[in-house]
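Contents: one structure, followed by commentary.
Positions are given from 1, in the same order as the sequence printed here.
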Amino acid sequence: MSDLKARFEQAARDVQCLSERPDNDTLLRLYALYKQGSEGDVSGPKPGFFDFVGTAKYEAWAKLKGMPQEQAMQQYIDLVKKLTA
């Protein structure tokens with residue numbers, strides 16, 4: 001687990017150095033996987049109707065409900081590797 005956590009944290013640093021900004025769907029996927037991997041299932045109230053970005057992030061994260069944190073970490077690492085390749 002500690003190796004996975006270290007690779008997850010490194011991927012989080014690597015994603016900040018991407019040469020191109022990913023499309024919005026990929027950004028939402030990265031956000032959701034990161035939140036699921038670091039915090040687990042979605043928590044807190046859903047943002048208000050007019051908070052479009054917040055609502056999109058919340059819903060992307062909510063779609064991963066029940067996914068084990070380790071699986072989310074690995075998928076995040078794999079996605080960042082693909083983006084940095």
Check the hydrophobic clustering (I, L, V, M, F, W, Y; side-chain heavy atoms under 4.5 Å; chains of links allowed) and say if Ile77 and Leu79 are grouped together.
yes
Is it the case that one hydrophobic cluster holds both Leu18 and Tyr31, taking links as side-chain heavy atoms less than 4.5 Å apart, direct or via other members?
no
Tell me whether Val15 shares a hydrophobic cluster with Leu64, the cluster being built from Ile, Leu, Val, Met, Phe, Trp, Tyr side chains joined at under 4.5 Å.
yes
If you look at every heavy atom in Pro22 and Leu30, which pair is closest and at what distance?
CG-CD1, 4.4 Å
Between the CD atom in Glu70 and the CG atom in Leu4, the distance rounded to the nearest 0.5 Å is 7.0 Å
Given the rule that I, L, V, M, F, W and Y join up when any side-chain heavy atoms are under 4.5 Å apart, are Met73 and Leu83 in one cluster?
yes
Who pairs with Ala12 by side chain to side chain contact (heavy atoms under 4.5 Å, CB included), at least two apart in sequence or on another chain?
Tyr34, Tyr76
May I have all residue pairs that pass side-chain hydrogen bond (donor to acceptor under 3.5 Å, both in side chains) and include part of residues 39-53, sequence neighbours excluded?
Lys35-Glu39, Gln36-Asp41, Lys46-Glu59
So which pairs with a foot in residues 44-73 pass ring-ring contact (aromatic ring centres under 6.0 Å, His included), sequence neighbours left out?
none
If a pair satisfies salt bridge (Lys or Arg N to Asp or Glu O under 4.0 Å) and one of its residues is in residues 9-32, list it, with sequence neighbours excluded.
Lys5-Glu9
Could you report the tightest heavy-atom contact between Ala72 and Gly37, atom names first, then the distance?
CB-N, 3.6 Å
Pairwise salt bridge (Lys or Arg N to Asp or Glu O under 4.0 Å) hits with a residue in residues 74-85, at least two apart
none
Does the side-chain contact (heavy atoms from CB on, under 4.5 Å) test come out yes or no for Lys63 and Val42, once each step is laid out?
CA-CA 9 Å; Lys63 287 179 185 174; Val42 69; over 6 Å; no
